[in-house]
Amino acid sequence: MLTNSNKPAFPFSRLPRRSLGGGGSRWRRIFCSLFLMAAAAAAIGAIASSRAGGSTSPKAMGQRVEDNAFHQKIAPWVMEHTANGQQAEFLVVLADQADLSGANSLPTKAEKSRYVYNALLNTSQATQEPILQWLRERGIEYQSFYIVNAVLVKGNREIVDTLAARPDVARVEGNPRIHNALPQPGPVTQAPSPKVPATIEPGITYTHAPQVWALGFTGQNIVVASADTGVRWTHNALKPHYRGWDGVVGNHNYNWHDSIHDSVGNPCGNDSPFPCDDFFHGSHTTGTAIGDDGAGNQIGMAPGAKWIGCRNMDQGNGTPARYIECMEFFLAPYPIGCTPNEGDPTKAPDITINSWSCPTSEGCSADTLQAAVEAQAAAGIMMVAAAQNGGPSCSTVTDPPGIYAAAYSVGALTTGTDTIAGFSSRGPVTVDGSNRIKPDITAPGTGTRSASNAGDNAYTTASGTSMATPHISGAMALLWCALPSLRHQITTSRDALDNAAVFISSTQCGTAGPPNNVYGWGRIDIAAAVGMPSPTPSPSPTPTPTATPAACGVGSPTPTPTATATATATATATATATPTSTPTPTPTATPRPTPTPRSQPTPRGRPTPPPRP
């Protein structure tokens, strides 16, 4: 690169001197001296101009274009945080990314998962070694990822520039520490005496989950994963449903991972070897998806499902690298203390709960996490994501992962009504230029009572799209339990829930739809998606898995339980709960006729909204 200098390239004191004696004309000598001085001045002026404005030689011009090209690869956050000798963490994203399209035609989750895992891992191992060797030789800190072919590096601007200039590097993006404005919990209460009548939470009732339970479908054989602040795994409503619990001992291999390695003063510490919740949020969202203590606290949509977890936030603070690490773990879980190379894609969850975000306003690039989200979808994992709490304005769905087409994004209703919650973010998505309609669907999200991390028998209430999201994760578990032909068919399964939703018209942020940028396809109705025959519970014991400890890459721990023909129905079809508030809905909700069960629903047309003025 060219550098500026105030020192002349050819100082006057170094100009060649000629003898002034020896027969020449005095005027000629004066003229020659003046000529030489003028030439020197012209040379100095040309050089100074070149140094101030840049050389116009073809070589120099080409160098400037090349420098500008590699600087365009560097995210503004990285440029800002490596200025003036600062060091920062950044993600070096390689140009070569794995082609996962071959997974589309594979029929089973096991085949999809293994294909995607192998394709991603092989691509990263084949392309990252030159960069990793360069980093090792210089003692530079790094962490390799495969779900996105990228390397996390800590370094200064010189290291950034050197890596960005490489032809095998596509871009350099920041790894900011961002703060999730998570919902705050209400007062913590202890569960009532088991002698009280069973009570189903209002949000669960409003989505018609009990009618599906009555058919014998409670989510058995389905595994739901929590990416959040962790989970209090010993909670009475959560422990019986943990895949790592066999009724006697806990086995956390393949069932838990902690991506928090550098926290200070966190109650869970770093690299917790067992599930731990440092806030409350993860226990709460997991409870809404699968929770039931068997003693009257029916807080979950799919109480027959199992859960696993990964802590991706330090008391609400996340980074892109933490998020990627958990998505990588879910794609192919591995034992405690092992590495992704020991991952087993056959132990991947079916569905993930993602009530977190990566705000572009805090330095997350809009596309940093996209490849990881799309990889999960290619592997047959349904990634359900909160639409965020930036409402009521339009185009407030601004943060990954809720902005992506591959994420099933959820808006929040005022529980017990078909009215959108004021905080629920709206579309269209403009931050990435897509103008994509979001959210995709809505669910109850206010005054939701669920598990707390304050104790094994503690509960609390909270409001947010964080609370709506696990309603949809649990609904998908019920759908896949009831209609196995849809299992891991991501688009078809989303269409099934979309088609059965109670459509709610709104022109607030574009056309009325369906879908629209306020309610998406409408309010979830899982009974309609399944078929809603006459509810008849048929209880029977649910088998429990056995846990087998395993070393890295060895053994077959914590298999998913095999369902019996008649699964447990944890609540009667007549159980009801009174919503905490019942405001009159302002939009018009249009129920659909009772459908018959269908395994291959036909999606309605998906209109593209006009550009927002």
Side-chain angles (χ1 to χ4, degrees), residues 74-93 135 140-145 147-148 150-157 159-160 163-164 171-184 226-230 257-272 276-282 285 309-329 354-373 385-386 388-390 398-404 431 464 466:
I74 305 171
W77 185 94
V78 179
M79 296 292 285
E80 177 186 351
H81 287 80
T82 56
N84 303 318
Q86 297 179 87
Q87 285 205 343
E89 291 184 354
F90 49 88
L91 288 158
V92 181
V93 183
L135 294 170
I140 298 170
E141 296 179 57
Y142 72 87
Q143 180 181 354
S144 174
F145 293 108
I147 194 170
V148 178
V151 183
L152 177 67
V153 178
K154 184 175 181 179
N156 57 22
R157 175 68 63 78
I159 295 170
V160 171
L163 292 169
R171 58 190 190 275
V172 180
E173 297 178 348
N175 189 47
R177 290 177 183 262
I178 59 92
H179 178 68
N180 283 272
L182 299 177
Q184 296 298 311
S226 167
D228 213 293
T229 61
H257 180 71
D258 192 353
S259 73
I260 308 304
H261 314 303
D262 55 358
S263 68
V264 177
N266 189 291
C268 293
N270 293 311
D271 302 302
S272 176
C276 179
D277 186 351
D278 63 28
F279 187 49
F280 93 96
H281 196 260
T285 54
C310 183
R311 185 165 66 128
N312 70 356
M313 286 181 282
D314 172 9
Q315 296 181 299
N317 298 315
T319 69
R322 291 171 180 173
Y323 299 147
I324 291 171
E325 189 171 325
C326 279
M327 286 190 273
E328 202 166 82
F329 173 74
N354 300 274
S355 293
W356 51 269
S357 70
C358 199
T360 54
S361 61
E362 296 192 35
C364 289
S365 299
D367 56 357
T368 299
L369 305 178
Q370 184 171 349
V373 173
Q388 300 115 43
N389 303 324
T398 58
D399 304 339
I403 63 172
Y404 299 138
V431 68
S466 290

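Treat the numbers as computed from the prediction; the structure is a model and nothing was measured. Below, each value reflects all heavy atoms present in this structure, side chains not excepted, and no hydrogens, waters or symmetry copies.
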Discussion item. Checking Ser357 against Gln388 for the side-chain hydrogen bond (donor to acceptor under 3.5 Å, both in side chains) test, could you report, in this order, the C-alpha distance in whole Å, the side-chain angles of both residues, the deciding distance, and whether it holds?
Written reply: CA-CA 7 Å; Ser357 70; Gln388 300 115 43; 5.4 Å; no
Worksheet item: For Thr229, which of Asp277, Asn312, Thr285 qualifies under side-chain hydrogen bond (donor to acceptor under 3.5 Å, both in side chains)?
Response: Asp277
Worksheet item: So, for Ser365 and Thr360, which heavy atoms are closest and what is the spacing to 0.1 Å?
Response: C-CG2, 4.5 Å
Worksheet item: Could you go step by step and tell me if His257 and Glu325 meet the side-chain hydrogen bond (donor to acceptor under 3.5 Å, both in side chains) rule?
Response: CA-CA 9 Å; His257 180 71; Glu325 189 171 325; 2.7 Å; yes
Fill in: Test item: side-chain donor near acceptor, Ser355 and His281, under 3.5 Å
no
Worksheet item: Can Phe279 and Asn180 be said to form a side chain to side chain contact (heavy atoms under 4.5 Å, CB included), step by step?
Response: CA-CA 12 Å; Phe279 187 49; Asn180 283 272; over 6 Å; no
Worksheet entry | Side-chain heavy atoms of Asn156 within contact of Thr82, under 4.5 Å | no
Worksheet item: Do Pro267 and Gln315 have side-chain heavy atoms sitting under 4.5 Å apart?
Response: yes
Worksheet item: Does Tyr404 offer a backbone N or O that forms a donor-acceptor pair with the side chain of Gln370 under 3.5 Å?
Response: no
Discussion item. The test is salt bridge (charged side-chain N to carboxylate O under 4.0 Å, His left out); show your working for Arg177 and Asp314 and say whether it passes.
Written reply: CA-CA 10 Å; Arg177 290 177 183 262; Asp314 172 9; 5.3 Å; no
Worksheet item: Do Met79 and Arg157 have side-chain heavy atoms sitting under 4.5 Å apart?
Response: yes
Worksheet item: Looking at SG of Cys326 and CG of Asp258, how far apart are the two atoms once the value is rounded to the nearest 0.5 Å?
Response: 8.0 Å
Worksheet entry | Taking every non-hydrogen atom, the tightest pair across Pro320 and Leu91 | CB-CD1, 4.0 Å
Worksheet entry | Check: His261/Asp271 side-chain N/O donor and acceptor closer than 3.5 Å | yes
Worksheet, complete the sentence: In terms of heavy-atom contacts, Met327 and Trp356 come closest through CE-CH2, 4.4 Å
Fill in: Rounded distance (nearest 0.5 Å) linking atom SG of Cys268 with atom CZ of Arg311
4.5 Å
Practice prompt. With rounding to the nearest 0.5 Å, note down the distance linking CG in Asp278 to OG in Ser263.
Written response: 8.0 Å
Worksheet entry | Which atom of Ile324 lies closest to which atom of Leu369, heavy atoms considered | CG1-CD2, 3.6 Å
Practice prompt. Determine the minimum heavy-atom distance between Pro400 and Thr398, stating which atoms define it.
Written response: CD-O, 4.1 Å
Worksheet item: Is there a donor in the side chain of Ser259 and an acceptor in the side chain of Arg322, or the other way round, less than 3.5 Å apart?
Response: no
Worksheet item: Are side-chain heavy atoms of Tyr323 and Met313 found at a separation under 4.5 Å?
Response: yes
Practice prompt. Considering non-hydrogen atoms only, spot the tightest contact between Trp77 and Asn175 and give its length.
Written response: CZ3-N, 3.7 Å
